[in-house]
Amino acid sequence: MFPYLDSVARRYPPVIIWALIAANVLAFLYQTSLPPRVVDRFLFEFALVPSRFFGQLSLIAPSGWTPFLTNIFLHGGWLHLILNMWTLWIFGPAVEDRLGPGRFTLFYLFCGIAASLAHALANPDSVIPALGASGAIAGVIGAYARMFPAAKLVVMVPVLSLPLFFEVPALGFAMIWLGLQVIPGILSLGDQAMGGVAWWAHIGGFVAGWLVTPFLRRRADGYRNYYRDEGIYGFLPDGRRQGGQGPWT
């Protein structure tokens, strides 16, 4: 399932989401401008190599802790970057709107670091650089699902060459998505040389986002309640269909 549209209204412009997308694009452009040998060294230093912290490489090529943060601004290719930024654009604005820009920034970085730590602990001997914003974005998905469980998401499901569009509740989407991370994540345990998707980064980021969201959300007296007519596309402001009862937050 590929998220295409959400139904949650927001009042404030998503300035941090814009800044994060710009930062990821600029970092990727810099990364792709490097010669092959230089980019390999660059990724070894700034992407996350778990063995440099918890495995054998910690004895011969230890690292500072900055890769737990810097790796979330690096990507493995244009498709990797575009998919991550699109997902951030779908789920991020509503979460930033309810947390506020300052708290959302701290939340995003916290989820990214938590995702990096989960990946490194699950794959302590891996020498493959892990990179990408998907762990931090998984935290955003967790926050979105917790704050707006009944919000409606339009998702695209490709069937052969035909894209089909369906409407699913946010909590249902998040649980299906999480299940698709947990199953291969469990199967990948013990395969330290395994490349590809950092399943445990996704799981760790999602869990971190789900758990900390209630502590970071704006207080009701610091954020005016929406009125019923402020929803979008016939939905209430929290993404539920018209006909439900308040509060509309």
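We're numbering straight along the sequence, starting at 1.
You'll find the side chain of I186 reaches within 4.5 Å of the side chain of W200, heavy atoms only. Looking only at side-chain heavy atoms (C-beta outward), R10 and P93 come within less than 4.5 Å of each other. No side-chain heavy atom of L171 sits under 4.5 Å from any side-chain heavy atom of F148. Inter-residue side-chain proximity for S58 and F53 is flagged as unmet; no heavy-atom pair is nearer than 4.5 Å. Using a 4.5 Å cut-off on side-chain heavy atoms (C-beta onward), V197 and H202 make contact. Counting heavy atoms from C-beta on, the side chains of L74 and H80 never come closer than 4.5 Å. You'll find the side chain of I21 reaches within 4.5 Å of the side chain of W89, heavy atoms only. Using a 4.5 Å heavy-atom cutoff, the side chains of F110 and I113 are not in contact.
Side-chain N or O atoms of R52 include one that pairs as donor or acceptor with a backbone N or O of F44 at under 3.5 Å. The backbone N or O of K152 lies less than 3.5 Å from a partner atom in the side chain of S7, making a donor-acceptor pair. Counting only distance, with no hydrogens or angles, the side chain of Q31 and the backbone of V39 share no donor-acceptor pair below 3.5 Å. The backbone N or O of D97 sits less than 3.5 Å from a side-chain atom of R218, completing a donor-acceptor pair.
Hydrophobic clustering (ILVMFWY, side-chain heavy atoms < 4.5 Å, transitive): W78 and L20 are in one cluster. A continuous path of ILVMFWY side-chain contacts below 4.5 Å connects Y144 to M175, so both sit in one hydrophobic cluster. Cluster annotation: F28 is not connected to L131 through the hydrophobic network of ILVMFWY side chains, with a link wherever side-chain heavy atoms come within less than 4.5 Å. Using a 4.5 Å cut-off between side-chain heavy atoms of Ile, Leu, Val, Met, Phe, Trp and Tyr, with links allowed through other members, M85 and L26 fall into different hydrophobic clusters. Both W65 and L121 are members of a single hydrophobic cluster when ILVMFWY side chains are connected at heavy-atom separations under 4.5 Å.
L99 CG to T213 OG1: the interatomic distance, rounded to the nearest 0.5 Å, is 6.5 Å. Within the model, atoms CZ of F73 and CZ of F46 stand 13.5 Å from one another, a figure rounded to the nearest 0.5 Å. To the nearest 0.5 angstrom, L5 atom CG is 10.0 Å from E167 atom CD. Interatomic distance, M147 CE to R217 CZ, rounded to the nearest 0.5 Å: 5.5 Å. The structure places OG of S51 at 11.0 Å from CG of N123, a figure rounded to the nearest 0.5 Å. Rounded to the nearest 0.5 angstrom, Y108 OH and I17 CD1 are separated by 7.5 Å.
Aromatic pair Y30/F42: centroids less than 6.0 angstrom apart. A ring-centre distance under 6.0 Å is found for F173 and F91.
In terms of heavy atoms, V49 sits closest to S126 at CG1-O, 3.8 Å. Among all heavy-atom pairs drawn from S63 and P67, the shortest one is OG-CG, 3.6 Å. In this structure, A115 and A201 approach most closely via the heavy-atom pair CB-O, 3.1 Å. When all heavy atoms of G142 and F206 are compared, the pair lying nearest together is CA-CE1, 3.5 Å. Here the closest heavy-atom approach between residue L48 and residue N71 is recorded as N-CB, 3.7 Å. The two residues N84 and H75 have their closest heavy-atom pair at ND2-NE2, 3.2 Å.
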- request: Take T66 and E45 through the side chain to side chain contact (heavy atoms under 4.5 Å, CB included) test and state the conclusion after the steps.
  value: CA-CA 9 Å; T66 54; E45 290 293 335; over 6 Å; no

task: Show your reasoning for whether side chain to side chain contact (heavy atoms under 4.5 Å, CB included) applies to I183 and W199.
output: CA-CA 9 Å; I183 294 173; W199 304 110; over 6 Å; no

- request: Please lay out, stage by stage, how L164 and L162 fare under the test side chain to side chain contact (heavy atoms under 4.5 Å, CB included).
  value: CA-CA 6 Å; L164 300 179; L162 180 66; 3.7 Å; yes

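F165 is linked by a ring-ring contact (aromatic ring centres under 6.0 Å, His included) to Y4, counting only residues two or more places apart in sequence or in another chain.
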